[in-house]
K.L.:
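This structure is in structure tokens; I'll ask about it shortly.
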Amino acid sequence: MVIQHSDGTQSPVIDTSVHIFFGSNKDLRQNFLREPFASRGFPDYEMNWYGAPGGEYAKGTKGPDRQYPGSDPDLAAQHLFDDRGVDIAILHPMTRGIMPDRHLGTALASAHNEMMVTRWLEHDEHGEKFRGTIRINPDDITGALREIKKYQDHPRVVQIGIPMQSRELYGKPQFWPLWDAAADAGLPVAVHIEGGAGIQFAPTPSGKTRTYEQYLGFMALNYLYHLMNMIAEGVFERTPTLKFVWADGAADLLTPFMWRMDCFGRPHLEQTPWAPKMPSDYLPGHVYFVQGALDGPGDVEFAGEWFGFTGKEDMVMFGSSYPHWQLNEPRVPAAFTTEQRDKLLWRNAAELYGLQSALTSSAVAAQ
């Protein structure tokens with residue numbers, strides 16, 4: 001299926017940010033979470049200090065029996081594929097944040113993976129249009145490696161998901177076995193702000209923000225701390241096939257921060273001999289972003305030029321954040337070139353996730 005643009009041209013669409021949930025806590029506990037964890041306490045999705053004032057989710061996204069938004073594959077397929085013209089949807093299960101008990105955190109991740117694979121990726125009617133993100137717990141390296149091994153060969157699993165919130169920066173050596181396993185499996189690692197509360201660290205280095213608007217404006221920028229640390233620690237030098245997807249946006253802030261990192265990094269490369277290149281040289285082929293409704297300068301004359309700075313046009317992919325309230329439409333600024341538009345809407349994602357043949361199959365099916 002393709003969408004029609006205002007200039008009369010058409011293009012396919014890959015939605016790289018579709019969030020899926022259990023229908024309820026009861027659904028999670030009774031159908032997928034096993035004892036002793038099914039009886040344990042953990043946060044609900046809604047237990048978050050920073051709830052959107054108008055509601056977290058778009059209207060009409062609850063299931064037919066009032067299940068949680070984003071929990072019904074048939075309804076989501078209708079909204080994504082029929083109503084919005086999406087060809088392939090990359091699913092990203094939202095779990096419950098970092099748990100004090102690492103074993104409970106891994107059990108929750110495992111339950112979400114089983115739910116995604118059995119209900120969505122292997123769905124009789126829509127499964128061929130879904131691709132999945134398996135969730136792992138970075139606090140439990142052994143359990144995380146077990147989940148990767150379990151699902152890495154599933155033909156519709158295309159990436160690994162971890163929370164933006166972390167006890168440590170992701171360039172630290174304790175995480176290297178995870179990144180090695182991801183690279184060996186050929187799976188990108190996607191980092192997303194986690195649902196639920198869990199052990200919720202302050203969204204800013206100086207503490208808590210007061211409002212949801214402040215939280216939303218700042219929280220996604222935490223990717224910069226992880227990315228800068230990964231570059232300084234030589235992660236991409238050490239694991240040259242590793243790919244990271246910053247799935248909560250803020251690519252528009254990449255350019256000024258990378259300029260700054262290159263400026264400060266140039267005279268100090270002798271301090272990081274394990275990462276001998278300029279910091280920005282580690283971006284191409286390693287770093288990707290999901291662009292949502294709140295990112296970028298908007299539909300302005302310089303939007304295409306800004307999109308090209310720092311090579312962002314080769315890194316950024318469209319994501320709707322379905323079923324959340326800020327539901328992003330597959331539209332691009334008028335100043336984008338046709339090539340930039342196609343890279344955003346489908347080409348970058350198709351290359352990253354190996355979906356070229358799946359797009360072809362989708363187009364044939366639509367005819």
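All values derive from a computational prediction rather than experimental measurement. Throughout, numbering of the chain's residues begins at 1 and tracks the sequence.
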K.L.:
Please step through side-chain contact (heavy atoms from CB on, under 4.5 Å) for the pair Thr133 and Leu91, ending with a clear verdict.
P.N.:
CA-CA 6 Å; Thr133 303; Leu91 308 177; 5.8 Å; no
K.L.:
Strictly distance-based, threshold 3.5 Å: is any side-chain N or O of Gln30 a donor or acceptor partner for the main-chain N or O of Asp27?
P.N.:
no
K.L.:
Quick one: does any side-chain atom of Arg131 pair with a main-chain N or O of Glu128 as donor and acceptor, under 3.5 Å?
P.N.:
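Yes, because the side chain of Arg131 sits within donor-acceptor range (under 3.5 Å) of the backbone of Glu128.
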K.L.:
Does a donor on one side chain and an acceptor on the other come within less than 3.5 Å for Glu35 and Ser39?
P.N.:
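There is such a pair between these side chains.
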K.L.:
Using the side chain to side chain donor-acceptor pair (under 3.5 Å) definition, which of the options Gln174, Arg167, Arg102 pairs with Asp139?
P.N.:
Arg167
K.L.:
Using atom types as modelled and distance alone, determine if a side-chain donor or acceptor of Asn229 lies under 3.5 Å from a backbone N or O of Gly171.
P.N.:
yes
K.L.:
Give me the atom names and distance for the closest heavy-atom approach of Met219 to Ile193.
P.N.:
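Looks like CG-CD1, 3.3 Å.
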K.L.:
For Tyr288 and Tyr353, I'd like to know if the aromatic rings sit close, meaning centre-to-centre distance below 6.0 Å.
P.N.:
no
K.L.:
Looking only at heavy atoms, what is the nearest atom pair of Trp274 and Ala232, with distance?
P.N.:
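So the minimum-distance heavy-atom pair works out to NE1-O, 2.7 Å.
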K.L.:
Is there a path of hydrophobic side-chain contacts, each under 4.5 Å between heavy atoms, that joins Trp176 and Tyr225?
P.N.:
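Yes, one cluster joins them.
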K.L.:
Flag the pair Tyr223 / Phe289 as yes when their ring centroid distance falls below 6.0 Å, and as no otherwise.
P.N.:
yes
K.L.:
Check whether Glu114 reaches the backbone of Ser110 with its side chain - one donor and one acceptor, N or O, closer than 3.5 Å.
P.N.:
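No, Glu114 side chain to Ser110 backbone: no donor-acceptor pair under 3.5 Å.
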K.L.:
Within the 4.5 Å heavy-atom criterion, are Pro279 and Met258 side-chain neighbours or not?
P.N.:
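Yes, side chains in contact.
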K.L.:
With distance as the sole test, does Thr61 use its side chain to make a donor-acceptor pair with the main-chain N or O of Ala58 at under 3.5 Å?
P.N.:
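Present.
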K.L.:
Output yes when a side-chain donor or acceptor of Asn348 lies under 3.5 Å from a complementary backbone atom of Val316, and no otherwise.
P.N.:
yes
K.L.:
Mark yes or no: Lys129 above the aromatic ring of Phe81, with NZ or CZ under 6.0 Å from the six-membered ring centre and no more than 45 degrees from the axis.
P.N.:
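Cation-pi check for Lys129 and Phe81: passes.
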K.L.:
Would you say the side-chain atoms of Thr16 pair up with the backbone N or O of Phe318, donor to acceptor, closer than 3.5 Å?
P.N.:
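Indeed, once roles are kept as given, a pair shorter than 3.5 Å links the two residues.
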K.L.:
Less than 3.5 Å apart, any donor N or O on the side chain of His324 or His19 sitting next to an acceptor on the other?
P.N.:
yes
K.L.:
Are any non-hydrogen side-chain atoms of Met261 and Met228 less than 4.5 angstrom apart?
P.N.:
yes
K.L.:
Side-chain contact test, heavy atoms from C-beta onward, threshold under 4.5 Å: evaluate it for Leu221 versus Leu253 and give yes or no.
P.N.:
yes
K.L.:
Exactly one of His192, Glu194, His112 should register a side chain to side chain donor-acceptor pair (under 3.5 Å) with Arg135. Which one does?
P.N.:
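Single side chain to side chain donor-acceptor pair (under 3.5 Å) partner of Arg135 among His192, Glu194, His112: Glu194.
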K.L.:
With no hydrogens and no angle check, is any side-chain donor or acceptor of Ser71 less than 3.5 Å from a backbone partner on Tyr68?
P.N.:
yes
K.L.:
Grab the two heavy atoms, one from Leu345 and one from Ser11, that are nearest each other, plus how far apart they are.
P.N.:
CD1-OG, 3.6 Å
K.L.:
Should the pair Lys312-Asp252 be classified as a salt bridge under the 4.0 Å nitrogen-to-oxygen rule?
P.N.:
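Not counted as a salt bridge, because no side-chain N and carboxylate O are separated by less than 4.0 Å.
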K.L.:
In terms of relative ring orientation, are Trp246 and Phe244 parallel, tilted or perpendicular, with 30° and 60° separating the classes?
P.N.:
tilted
K.L.:
So do Met94 and Ile20 actually touch side chain to side chain, heavy atoms under 4.5 Å?
P.N.:
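The answer is no; the side chains never approach within 4.5 Å.
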K.L.:
Check for a donor-acceptor pair, side chain of Lys243 on one end and backbone N or O of Gly285 on the other, with a separation under 3.5 Å.
P.N.:
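Flag set: sc Lys243 to bb Gly285 pair under 3.5 Å.
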K.L.:
Which donor-acceptor pairs under 3.5 Å do side chains of residues 292-301 form with protein atoms, sequence neighbours excluded?
P.N.:
unit_1: Asp295; atom_1: OD1; unit_2: Ala250; atom_2: N; d: 3.2
unit_1: Asp295; atom_1: OD2; unit_2: Gly292; atom_2: N; d: 2.8
unit_1: Asp299; atom_1: OD1; unit_2: Ala334; atom_2: N; d: 2.9

K.L.:
Is the centre of the Trp259 ring less than 6.0 Å from the centre of the Phe257 ring?
P.N.:
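Ring centroids of Trp259 and Phe257 are no less than 6.0 Å from each other.
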K.L.:
Considering only residues two or more places apart or on different chains, which pairs with a residue in residues 144-155 satisfy salt bridge (charged side-chain N to carboxylate O under 4.0 Å, His left out)?
P.N.:
none
K.L.:
Looking only at the side chains, is there a donor atom on one of Gln340 and Glu313 sitting less than 3.5 Å from an acceptor on the other?
P.N.:
yes
K.L.:
Under 4.0 Å between a Lys/Arg side-chain N and an Asp/Glu carboxylate O for Arg156 and Glu122?
P.N.:
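Result for this pair is no, no salt bridge flagged.
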K.L.:
Taking Glu339 first and then Lys343, would you say they form a salt bridge - that is, a charged N and a carboxylate O separated by under 4.0 Å?
P.N.:
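Judged by the 4.0 Å cut-off on N to carboxylate O distance, Glu339 and Lys343 do form a salt bridge.
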K.L.:
Between the side chains of Asn328 and Ser320, is a donor N or O closer than 3.5 angstrom to an acceptor N or O?
P.N.:
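Result is no, nothing qualifies.
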K.L.:
Does any N or O in the side chain of Asn137 come within less than 3.5 Å of the main-chain N or O of Gly105, such that one atom is a donor and the other an acceptor?
P.N.:
no
K.L.:
Provide the full list of salt bridge (charged side-chain N to carboxylate O under 4.0 Å, His left out) pairs with a residue in residues 277-287, sequence neighbours left out, each pair given once.
P.N.:
none
K.L.:
Is Arg119 salt-bridged to Asp74, going by a charged N under 4.0 Å from an acidic O?
P.N.:
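No, no charged N to carboxylate O under 4.0 Å.
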K.L.:
Would Phe37 and Phe32 satisfy ring-ring contact (aromatic ring centres under 6.0 Å, His included), going step by step from the backbone distance to the final call?
P.N.:
CA-CA 10 Å; Phe37 304 107; Phe32 291 93; over 10 Å; no
K.L.:
Kindly say whether the aromatic ring centers of Phe336 and Phe307 come within a distance under 6.0 Å.
P.N.:
yes
K.L.:
Shortest non-hydrogen contact from Pro64 to Asp72?
P.N.:
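For Pro64 and Asp72, the tightest heavy-atom pair comes out as CD-OD2, 3.6 Å.
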K.L.:
With a 6.0 Å cut-off on the ring centroids, do His123 and Phe130 count as close?
P.N.:
no
K.L.:
Quick check: do Leu80 and Val18 have side-chain heavy atoms less than 4.5 Å from each other?
P.N.:
yes
K.L.:
Assess whether a salt bridge exists between Arg238 and Asp180, defined as any Lys/Arg side-chain N lying under 4.0 Å from an Asp/Glu carboxylate O.
P.N.:
yes
K.L.:
Any chance you could lay out the side chain to side chain donor-acceptor pair (under 3.5 Å) test for His226 and Glu168, step after step, and finish with the verdict?
P.N.:
CA-CA 9 Å; His226 287 301; Glu168 295 281 353; over 6 Å; no
